[in-house]
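Each chain gets a letter, A, B and so on, in the order the sequences are listed, and its residues count up from 1.
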Amino acid sequence: MLIEQENSVKININAFQHDLISWFKNEQRDLPWRKDQDPYKVWVSEIMLQQTRVDTVIPYFNRFIDWFPTIDDLADADEDKVLKAWEGLGYYSRVRNLQSAVKEVKEKYNGEVPNTPKEIAELKGVGPYTAGAILSIAYGIPEPAVDGNVMRVLSRILTIWEDIAKPSSRKIFEKAVRELISHEDPSSFNQALMELGALVCTPTSPSCLLCPVRDHCHAFFEGVQTELPIKTKKAKTRDVQLAAAIITDSTGKIVIHKRPANGLLANLWEFPTIELHHPIQNSREYAVNLFNQNHEFEIKLEQTIGQVDHVFSHLVWNMKVYTGTINAKFQETEEWKLVSFEEMKEYAFPVPYQKMFKLYQSL
DNA sequence: AAAGCGGGGCT
DNA sequence: AGCCCAGCTTT
């Protein structure tokens, strides 16, 4: 059976499905979320895998399922513990949205992950890719699950020259998947496209000589596989200057602060931090003043212990790190706490503050 | 359509 | 120093 794509590329669909799925069944990696088809576990794995490599996700997935084995366990958990389970994984709104959606499934769907495109796409944090992934992998429904791998693989096989950085391009690839997908085994088909992208059809120097669908690949036939996909570059990051301090009381406990519920690193914990908006502010005296302007209690900065730099996807933090002490006026609140070394392990800190604490401990 | 949102590994 | 990664939400 042959189909005619919009760009006049012909594919033998049955042979393509067979070659792709056979390869996947023989060569797929042994991954913890492939041990069963529990929709909850498939869901958790797909959220973790957003913009995150398989090797990074594996230990997080195992611990997360250990801590929250079922939808009920996650729905009933404290958010601080949920964030602790995600600590270091990044994009923390993923797990806050996941817990929110799990609560909705518990209440509205009696704890059963819905299996219709409309219902599942309405869940918080579930976009077009994740909806298709859960529907196909957990329920065997032939829906496209188009991620970066799939766009790269199909841009090569079908020589699609659309800019995959543009949001509108995803529809082109979803249309292609709808025409190509196996209705006998949508789960293997979708996973195989992604597995192929991860193991063979890689961004740079794809292993075409090992590719199970090389004979179907128009980019390989034309010798343009390294020119695809087309992807425009994104704007570069901006620098943010910060001063942050490890502040202790007379007993050696440390001041920590809960970040706001919205924006960067929402609801995670940090050491007292201020932004230095102007170069002129980039001095110790100024930092002291700014700390004490912005906080009820009085802080005394003792010494500068170094610098921590941290790169985010859209900005760079340059943090000057101080130590200091507080006076007796400090009072604990919901967002300002005094904790011991041991108690710190209970709170989720983003990586820049983990770097900062490591620097402090190395003194 | 563009920007915000983490962190690590590879080139 | 970029680029990429099993993307989604908000503006």
Side-chain angles (χ1 to χ4, degrees), chain A residues 24 28-29 31-34 42-61 83 86-98 100-101 120-138 144-153 163-171 173-174 177 187 189-199 201-206 226 229 231-238 240 259-268 309-317 348-355:
Chain A
F24 177 68
Q28 65 172 297
R29 290 167 290 181
L31 302 174
W33 46 89
R34 286 178 175 163
V42 172
W43 185 7
V44 169
S45 72
E46 291 302 339
I47 299 297
M48 283 191 173
L49 286 162
Q50 290 169 5
Q51 298 291 286
T52 312
R53 288 168 199 285
V54 164
D55 291 341
T56 303
V57 166
I58 290 172
Y60 281 92
F61 176 82
L83 283 172
W86 213 265
E87 182 186 48
L89 198 52
Y91 287 146
Y92 299 94
S93 66
R94 288 185 293 176
V95 76
R96 299 197 303 134
N97 289 336
L98 174 62
S100 167
I120 201 158
E122 283 174 356
L123 296 172
K124 207 169 293 182
V126 177
Y129 163 75
T130 306
I134 297 173
L135 288 166
S136 60
I137 296 171
V146 174
D147 70 338
N149 283 313
V150 172
M151 287 196 281
R152 182 174 60 257
V153 168
D163 179 2
I164 68 168
K166 288 177 13 182
S168 58
S169 296
R170 201 195 64 249
K171 290 186 171 60
F173 292 92
E174 286 178 346
V177 171
S187 170
F189 182 89
N190 278 344
Q191 291 188 77
L193 279 182
M194 295 188 273
E195 196 85 342
L196 189 69
L199 300 181
C201 196
T202 48
T204 59
S205 55
T226 57
K231 187 173 189 179
T232 54
K233 321 185 190 302
K234 50 183 177 180
K236 48 185 252 188
T237 59
R238 64 191 168 86
V240 175
R259 294 176 59 87
N262 295 305
L264 184 65
L265 306 169
N267 283 0
L268 275 77
D309 297 317
H310 188 78
V311 179
F312 295 90
S313 51
H314 58 304
L315 51 84
V316 178
W317 274 7
F349 288 87
V351 169
Y353 291 101
Q354 295 177 24
K355 291 180 184 172

Sugar-phosphate, base or nothing in reach of [X], heavy atoms under 4.0 Å:
X	value
A:Pro229	nothing
A:Leu89	base
A:Arg34	base
A:Ser313	base
A:Tyr129	base
A:Lys166	nothing
A:Gly88	sugar-phosphate

Rounding to an integer number of Å, can you tell me how far [X] [atom1] sits from [N] [atom2]?
X	N	atom1	atom2	result
A:Arg170	B:dA1	CZ	C1'	14 Å
A:Leu199	C:dC4	CG	C1'	15 Å
A:Arg96	C:dC8	CZ	P	17 Å
A:Tyr91	B:dG6	OH	P	8 Å
A:Asp309	B:dG6	CG	P	18 Å
A:Phe312	B:dG4	CZ	P	14 Å
A:Leu315	C:dA1	CG	P	17 Å
A:Asp163	B:dA2	CG	C1'	13 Å

Looking at [X], does any N or O in its side chain come under 4.0 Å of the phosphate oxygens OP1/OP2 on [N]?
X	N	value
A:His310	B:dG6	no
A:Arg152	C:dC5	yes
A:His314	B:dC5	yes
A:Tyr92	B:dG7	yes

For [X] and [Y], work out which heavy atoms get closest and say how close.
X	Y	answer
A:Asp163	A:Ala165	OD1-N, 2.9 Å
A:Arg152	A:Ala198	NH2-N, 4.3 Å
A:Tyr60	A:Met48	O-CE, 3.6 Å

- Between residues 42-55 of chain A and DNA chain B, which residues have a heavy-atom gap below 4.0 Å?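 Hits under 4.0 Å, by residue number: A:Gln51, A:Thr52, A:Arg53.
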- Message: Both A:Thr232 and A:Gly127 contact DNA chain C. Which one's nearest nucleotide lies toward the 5' end?
- Response: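 The answer here is A:Thr232.
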- Starting from the 5' end of DNA chain C, give me the residue, A:Ala121 or A:Ile137, whose nearest nucleotide shows up first.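 Per heavy-atom nearest nucleotide, the more 5' residue is A:Ile137.
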- Message: Measuring only the P atom in each nucleotide, how far is C:dA6 from B:dC10? A whole number of Å is fine.
- Response: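 13 Å, rounded to whole Å.
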- Message: Can you check the distance between B:dG6 and C:dC3, where both ends of the measurement are the C1' atom (answer in whole Å)?
- Response: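 B:dG6 and C:dC3 have their C1' atoms separated by 15 Å.
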- Item | Listed nucleotide nearest any side-chain atom of A:Pro128, set B:dC5, C:dA6, C:dC8 |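 Looking only at heavy atoms from C-beta outward on A:Pro128, the closest nucleotide is C:dC8.
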- Task: Looking only at side-chain atoms of A:Leu265, point me to the closest of C:dC5, B:dG6, B:dA2.
- Result: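 Looking only at heavy atoms from C-beta outward on A:Leu265, the closest nucleotide is B:dG6.
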- Query: Is A:Trp86 reaching over with its side chain to a backbone N or O of A:Gly90, donor-acceptor style, under 3.5 angstrom?
  - Reply: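 Confirmed, A:Trp86 side chain pairs with A:Gly90 backbone.
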- Item | First of A:Ser93 and A:Ser168 reached from the 5' end of DNA chain B, by closest nucleotide |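 Residue closer to the 5' terminus by nearest nucleotide: A:Ser168.
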- Closest-nucleotide 5' rank along DNA chain B - winner of A:Arg238 and A:Leu268: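 This one resolves to A:Arg238.
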- Message: Taking the side chain as everything from C-beta on, heavy atoms only, tell me whether A:Thr232 gets closer than 4.5 Å to A:Lys166.
- Response: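 Not touching, per the 4.5 Å side-chain cut-off.
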- Message: Tell me whether A:Lys355 at atom NZ has more than 12 heavy atoms from other residues, nucleotides or ligands lying less than 6.0 Å away.
- Response: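 Enclosed.
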- Is A:Arg34 salt-bridged to A:Glu195, cutoff N-O under 4.0 Å?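 Salt bridge flag = yes for A:Glu195 with A:Arg34.
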- Item | Flag for A:Thr52-A:Arg94: side-chain donor and acceptor within less than 3.5 Å |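 A:Thr52 and A:Arg94 do have a side-chain donor-acceptor pair below 3.5 Å.
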- For A:Glu46 and A:Tyr129, test the side chains for any donor-to-acceptor distance below 3.5 angstrom and give the result as yes or no.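 Distance-only check passes for A:Glu46 and A:Tyr129.
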